[in-house]
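Comments concern the structure below.
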Amino acid sequence: MAPATYELTVNGQKRSVTADPGTPLLWILRDELKLTGTKYGCGIAACGACTVHVGGVATRSCVVPVSLIGDRPIVTIEAISQDPVGRAVQDAWVSHDVVQCGYCQSGQIMSAVALLKRNRKPTDKNIEESMGGNICRCGTYVRIREAIKMAGAQP
Amino acid sequence: MRPAQQITRRAFVTASATAAGGLLVSLYLDRPLRAQQVPVPGQNPRIYPPDAFIELRPDGKIVIQVNRLEFGQGVQTALPMLLADEMDADWSQVAAELAPAADIYRDPVRGIQMVGGSGSIATSFQQYRELGARTRAMLVAAAAERWKVAPEQCRTEASVVRGPAGQSATYAELAEGAARIPVPATVQLKKPADFRLVGKRVRRLDSRPKCDGSQRFGLDLDVLGMKVALVAHPPVFGARPKTVDDTAARGLTGVAQVFEIPTVSGGTAVAVVADKFWTAKQARDQLKIEWDLAAVERPDSAQLWATYKQLAGTPGNVAVTRGDQTSLDALASGDRLVAEYEFPFLAHSPMEPLNTTVRFDEGRAEVWAGSQFQTVDQAAIAEVLGLKPEQVTFHTEMAGGGFGRRATADSHVQREAAEIAKRVPGTPIKLIWTREDDVQGGYYRPMHAHRVEVGVGPSGLPVAWRHVVVGQSIVTGTPFAAFMVRNGVDRTAVEGVADTDYAIPNFHVSVHHPTPNVPVLWWRSVGHTHTAFVMETLIDELAARAKMDPIAYRRRLLNPDAKKLRAALDLMEEKSAPWRAKLARNHAAGIACHECFGTAVACAVDVSIENKRPRIHRATVAIDAGLVVNPLSVEAQCQGALVFGLSQLMANGAITLKDGRVEQSNFDRYTPPYIVDAPVAVDVHIVPSIENPTGCGEPPVPVISPAVVNALSKLTGKRYRTLPLLTV
Amino acid sequence: MSRSRMGVGLAWFLLTVSVAVFATSAQESPNRTAPRRADGLAAWQQIHSVLIHPRCINCHTAVDYPQQGDERRRHYANVVRGPDGHGVPGLQCATCHQESNANSTGVPGSHDWHLAPLSMAWQDRNDKPLSSAAICRAITDRRTNHNMDGPALLKHNAEDTLVGWAWEPGRDIHGNTRTVPPLSRAEFAEATRQWVEAGMPCPQL
């Protein structure tokens, strides 16, 4: 398809990109806008490494074409610290020494923030469901669970 | 004390030599000295020049070069801890960098720059401590010189040297002076009681950047003028295209080139070079390739199982034999047990897809890769490009997991990248393997069949054991074969069985190594992934048969000198006893223990069945890994390794082949554990020890699967000998 | 044991009969009942052939997850129903499914992508489609069908955007066009009209 120009709002800034309409948001972020904190893991929304927030909804950027974003604002891992819940989650992650290789953690954090914005006191089941589609091959799940509970308990 | 006459050195200070404008403690030794330190057996007594490892910056920052790949295991924190402790450095000022490929960064024991066999701490423990101690001694000497006092009168703490009359100077202030001091031949290392960092729960140095998106991995690399390459690999290993129609692919805007390249398995692949990933992906999708599959062997899982099972019924190359081999057949049939096991191919699937960036220029090349085998990969790239290894600058990039997948003896990903870069000199090429390439690309944990005949004695303990393992050899055909294959036995296929710590008097282990057309590789904990499963489920079954407590049974059967295993088993028993005594209804406890890579691990799990799958409510792990550098990291490795081990039990936890093609292509059909599949909680207990440290990245992997199915067996009365676990 | 099974069987029989009676009593003119009912049931059979097509039934499960693909496998990545059929925070339907199909990545989409409520489950808890009669009952029972009467059901089947996605399902992850139900949307709407006009009869079994 012929390239088209899209006006995106990424981390509060207007960004104009010209790309094939079918290009997934992930590759717009990584290759066009050089925001490489959002990761490519599977390309089929099975691992969650590419999770960003689009219009406040945790979104698998690897399967959403840029043409379907519209005017919804995009927030990536690079700017999530500006959100109080985002900052609390990152701090809890560091405090619990969650990361190992770290490659999946941008996506884990973006999913966790989406959960905690709706539910500050998630049960184990809530955590398992909301984080249920994020793969961590290093197996940091125990600490992710603890860190989410800690971040949720922050005032 | 200092044999100055032996040191032909060119000590020079390279002021402002670093990019940050800092000062390098720059000493160069023309020849290595003999360390006066008591050498660790097998360890090179080489003296490593601190300047290759430590940079003291004027602002007090201390940058330490880590001679390993960091891919989650925490070595990028643990090795600097060792160095900083001996150096009495201010930990808050310590930063770590991954060292490029260079002779100085080779593993002191293994002789190549690598990560593998859970050996990073074990083999660099002494090295990094000495580096720290030598640097400290040089800084103290510089201070002593300045204050005209004896070095012995000075003390150090948190990057400051203090003199007897209240003098003090920071390491940064002393760096220039220290650089003029000869590297001491001998240094006194701390006693364990004097450690300030070692043994403490120290958080990772790379945590924050991995939480805010700023950490760059190999895949994130952006070099000026870089292009992205994707490769259409043959659908059957080693195949070649009959015809390639690349008209549509070439017609896409942004596609630079399409050409054929050789693969290491003797086939031909088609490479696409484009401006960006998505362009390259679309171009690859639009290639019309007719493959010639007639000329290659097309392995098929169903057929392989039939062959493997047949082989398992016949003796193979003998790995170990002791006692009387007729004793088994002399037993009454009621005292004999036959167990057959099946283990499928498994992909490592690290979260960061495989990638390598290569720029080839006349007479030189530059490489960026998250590699477990820098030395090997550097040489392979050099070979493809017609260069010498030293003409290839090799940057070690942070890697998103690996689990053995980034340690290939044939460097097939790096060779592929080099083949492409060779065709476009001057253009940096980032080769990306998509997840599909990774899942279908081979280099799997080999599939295995085991057949075990056990003879049970009157006490209920096994008195005879005949064990046949069938599986591909991982190391045959690689340089590692020279010391890992003996008498037709690849020791990585029988480790964990042949060297078991269970005292079985009449014992025979043999192995067949079929050679189907599937590349295989070590998968975190290598042979122990299947051998420990067989041993620990069978021993558990024998304990149940003898109506004995599974822990007590193991303790009776273990060799008296299996000290680490006994210590781990005891500690696990103690720590899990409270919850094992009051399990919820429809829950069962399962246990397993195993020693590998010098480390013993025992594990107990609380399991129930939910939605027809095992639900692991908690796991208690005890580990004896000698002296532990960073307990927080060991705990993380244990927690994570259990989850990795559970990959084997996932319903979609198998790579299968049909008519030569891999049937799975992504995480929808080859599914690693998600959070719901992992233990809800894992408590880790470390056996106190001041023995030399051993590894912990791999040793906790093998115990979890047998522990879980041992619990399932209690719940269902069934035995589980075929993986993956399709039904409970 | 056998007695209680008999009891269940009897209750099932009575229920079936009463529903059949209910369906019959819904007819207006006794002398036209038989042919109208036959026409209606024929129309229902057509409707039913659409409802049990994977494009429709995959989101009418009785469990806490949707299905996908023509083989109706469990949706991958542990996708769950959530409290209102839209998933859970962090893993909503909208986490992947947009307002329209994403053909470049193979993810289907339509307005307000979500699972039908459990009351509208057309499968049992083992993912096996319910009988035609049971599906029909679920659809005609206003306590479970969002209080839709005949005209409302007709409007739903003929005009609802998400229902209409079944006929414009886009391409899958391999670039193949997804299969569509055996009737066209227009035929489906027409069958629904005939069925509603016939008094929405349900088969007895």
Side-chain angles (χ1 to χ4, degrees), chain A residues 3 19-20 22-24 26-28 30-32 34-44 46-47 49 76-81 89-91 93-106 109 124 127-129 131-146, chain B residues 70-74 203-204 206-217 219-220 222 228 253 276-279 282 348-353 398-403 432 434-436 632-633 636-637 639-644 646 666-668 671-676 678-682:
Chain A
D20 179 286
T23 309
L26 171 67
W27 298 105
I28 299 291
R30 289 179 58 83
D31 281 353
E32 306 289 341
K34 311 295 181 192
L35 291 168
T36 54
T38 304
K39 302 303 183 193
Y40 164 63
C42 67
I44 63 163
C47 79
T76 70
I77 186 70
E78 284 89 351
I80 202 66
S81 65
V89 169
Q90 288 175 319
D91 288 347
W93 245 245
V94 171
S95 166
H96 281 265
D97 216 38
V98 168
V99 312
Q100 289 186 31
C101 88
Y103 193 80
C104 73
Q105 299 294 351
S106 298
I109 286 170
D124 276 321
I127 293 172
E128 283 170 16
E129 288 187 342
M131 305 299 292
N134 287 77
I135 296 174
C136 173
R137 201 74 178 104
C138 299
T140 63
Y141 298 124
V142 170
R143 292 187 183 187
I144 284 175
R145 195 185 287 267
E146 290 167 357
Chain B
E70 169 65 56
F71 57 161
Q73 82 280 39
R203 291 196 185 102
R204 302 176 63 103
D206 55 2
S207 226
R208 184 62 73 175
K210 287 177 174 177
C211 289
D212 64 15
S214 62
Q215 175 67 57
R216 291 280 186 272
F217 294 82
L219 201 72
D220 302 329
D222 188 20
V228 172
T253 309
K276 291 171 187 121
F277 174 88
W278 192 249
T279 318
Q282 283 181 300
H348 307 65
S349 297
M351 289 310 295
E352 182 199 8
M398 180 70 71
F403 320 111
I432 299 177
T434 62
R435 180 59 60 196
E436 289 80 5
L632 187 62
S633 177
Q637 285 306 296
Q639 291 170 334
L642 294 195
V643 176
F644 196 84
L646 285 169
N666 209 315
F667 292 141
D668 55 339
T671 311
Y674 286 96
I675 191 169
V676 72
V680 176
V682 181

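Each chain gets a letter, A, B and so on, in the order the sequences are listed, and its residues count up from 1.
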Using side chain to side chain contact (heavy atoms under 4.5 Å, CB included), reason through B/Y674 and A/N134 one step at a time and then give a plain yes or no. CA-CA 7 Å; B/Y674 286 96; A/N134 287 77; 5.9 Å; no
_Between B/F644 and A/C138, does the side chain to side chain contact (heavy atoms under 4.5 Å, CB included) criterion hold? Intermediate values first, please._
CA-CA 7 Å; B/F644 196 84; A/C138 299; over 6 Å; no
- [ ] Could you check B/S349 against A/R137 for side chain to side chain donor-acceptor pair (under 3.5 Å), going step by step and ending with a plain yes or no?
- [x] CA-CA 8 Å; B/S349 297; A/R137 201 74 178 104; 5.1 Å; no
(Q) Is there a side chain to side chain contact (heavy atoms under 4.5 Å, CB included) between B/K210 and A/V98? Walk through the geometry before answering. (A) CA-CA 10 Å; B/K210 287 177 174 177; A/V98 168; over 6 Å; no
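Of the listed residues (A/I109, A/T36, A/D20), the one with the most heavy-atom contacts under 4.5 Å to chain B is A/T36. Comparing B/D212, B/V676, B/I432 by heavy-atom pairs within less than 4.5 Å of chain A, the highest count is held by B/D212. With chain B as partner, the option from A/W93, A/Y141, A/Y40 having the largest number of non-hydrogen pairs under 4.5 angstrom is A/Y141. Listed options A/G132, A/S81, A/C136, A/G37 were ranked by heavy-atom pairs under 4.5 angstrom with chain B; first place goes to A/G132. Between chain B and the options A/E78, A/R30, A/Q105, heavy-atom pairs under 4.5 Å are most frequent for A/R30. Among the candidates A/P24, A/A49, A/G43, the residue making the largest number of heavy-atom pairs closer than 4.5 Å to chain B is A/P24. Among B/A641, B/P679, B/P673, the residue making the largest number of heavy-atom pairs under 4.5 Å with chain A is B/P673. With respect to chain B, the highest number of heavy-atom pairs below 4.5 Å among A/I135, A/D31, A/V89 belongs to A/I135.
With a threshold of 4.5 angstrom between heavy atoms, B/T434 approaches chain A through its backbone and through its side chain. Contact of A/S95 with chain B is made through backbone and side chain together, with heavy-atom distances under 4.5 Å. Neither the backbone nor the side chain of A/I80 comes within less than 4.5 Å of any heavy atom of chain B. Heavy atoms of B/D222 lying under 4.5 Å from chain A belong exclusively to its side chain. For B/A636, the parts lying under 4.5 angstrom from a heavy atom of chain A are both the backbone and the side chain. In this structure, the portion of A/E32 lying under 4.5 Å from any heavy atom of chain B is its side chain and not its backbone. The contact between B/E352 and chain A is made by backbone and side chain atoms together, counting heavy-atom distances below 4.5 Å. Neither the backbone nor the side chain of B/V228 comes within contact range of chain A, judged by heavy atoms closer than 4.5 Å.
Two residues are said to be in side-chain contact when any heavy atoms from C-beta on lie closer than 4.5 Å; A/C101 and B/M398 fail this criterion. Between A/I44 and B/R435, every side-chain heavy-atom pair lies at or beyond the 4.5 Å cut-off. Taking 4.5 Å as the limit, some side-chain heavy atom of A/Q90 sits within range of a side-chain heavy atom of B/R208. By the 4.5 Å heavy-atom criterion applied to side chains, B/Q282 and A/T23 are not counted as neighbours. The shortest side-chain heavy-atom distance between A/Q100 and B/R204 falls under the 4.5 Å cut-off. Contact of the B/L219 side chain with the A/K39 side chain is not registered, since no non-hydrogen atoms from C-beta on lie closer than 4.5 Å. With a 4.5 Å cut-off on side-chain heavy atoms, B/W278 and A/L26 do not count as touching.
Of all heavy-atom pairs spanning A/C42 and B/F667, the tightest one is CB-CD1, 3.7 Å. When all heavy atoms of B/P353 and A/G41 are compared, the closest pair comes out as CG-O, 4.0 Å. Pairing each heavy atom of A/M131 with each of B/I675, the nearest pair is O-CG2, 3.8 Å. A pairwise comparison of heavy atoms in B/C211 and A/V94 identifies SG-CG2, 4.2 Å as the closest pair.
The CG atom of B/D220 lies 11.0 Å from the CG atom of A/L35; values are rounded to the nearest 0.5 Å.
By the 30° and 60° cut-offs, the orientation of the rings of A/W27 relative to B/F277 is parallel.
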